[in-house]
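Scroll down for the structure; my scribbles are underneath it.
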Amino acid sequence: MVALIVILFPPLLIAFLLVMERVEEPLRRPTGPREVAEFLNTASQGEVDTLATSGIRRAMARWRRRRSARVLQEAEPPVV
């Protein structure tokens, strides 16, 4: 059992670190002035409320999710 733990622990730790790297990457990317201007022009009321209560980082994440979901919906061909 100990040998199995010794063999599996390093690959599991590396896999965890790789997943965390992907999670942290968008958090490290700074928000540019162009993106903030676009946010202010197209933000919904809920996103503005998020900006007021939780800050720019959470509001921008919510806005990016909405924008990417809209792009995905536009990319899908209509089912006839």
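Since the structure is predicted, the reported quantities are computational estimates derived from the model, not experimental observations.
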- Item | Side-chain donor-acceptor pair present, R58, T50, cut-off under 3.5 Å | no
- Query: Under a single-linkage definition using a 4.5 Å side-chain heavy-atom cutoff for Ile, Leu, Val, Met, Phe, Trp and Tyr, are L18 and L12 assigned to the same hydrophobic cluster?
  - Reply: no
- Message: Strictly distance-based, threshold 3.5 Å: is any side-chain N or O of R66 a donor or acceptor partner for the main-chain N or O of E47?
- Response: no
- Message: Side chains of T42 and W63 only: does a donor on one sit below 3.5 Å from an acceptor on the other?
- Response: yes
- Query: In Å, rounded to the nearest 0.5 Å, how long is the span from CZ of F39 to CD1 of I56?
  - Reply: 5.5 Å
- So, the side chain of S68 versus the backbone of R65: is there a donor-acceptor pair under 3.5 Å, distance only? yes
- When rounded to the nearest 0.5 angstrom, what distance separates CE in M20 from CD in E25? 12.5 Å
- Query: In Å and rounded to the nearest 0.5 Å, what is the CD to CG distance from E35 to L40?
  - Reply: 11.0 Å
- Spacing of CZ belonging to F16 relative to CD belonging to E21, to within rounding of 0.5 Å: 12.0 Å
- Message: Would you compute the distance between atom OG of S54 and atom CZ of R62 and round it to the nearest 0.5 angstrom?
- Response: 9.5 Å
- Item | Shared hydrophobic cluster for I14 and V6 (ILVMFWY, side-chain gaps under 4.5 Å) | no
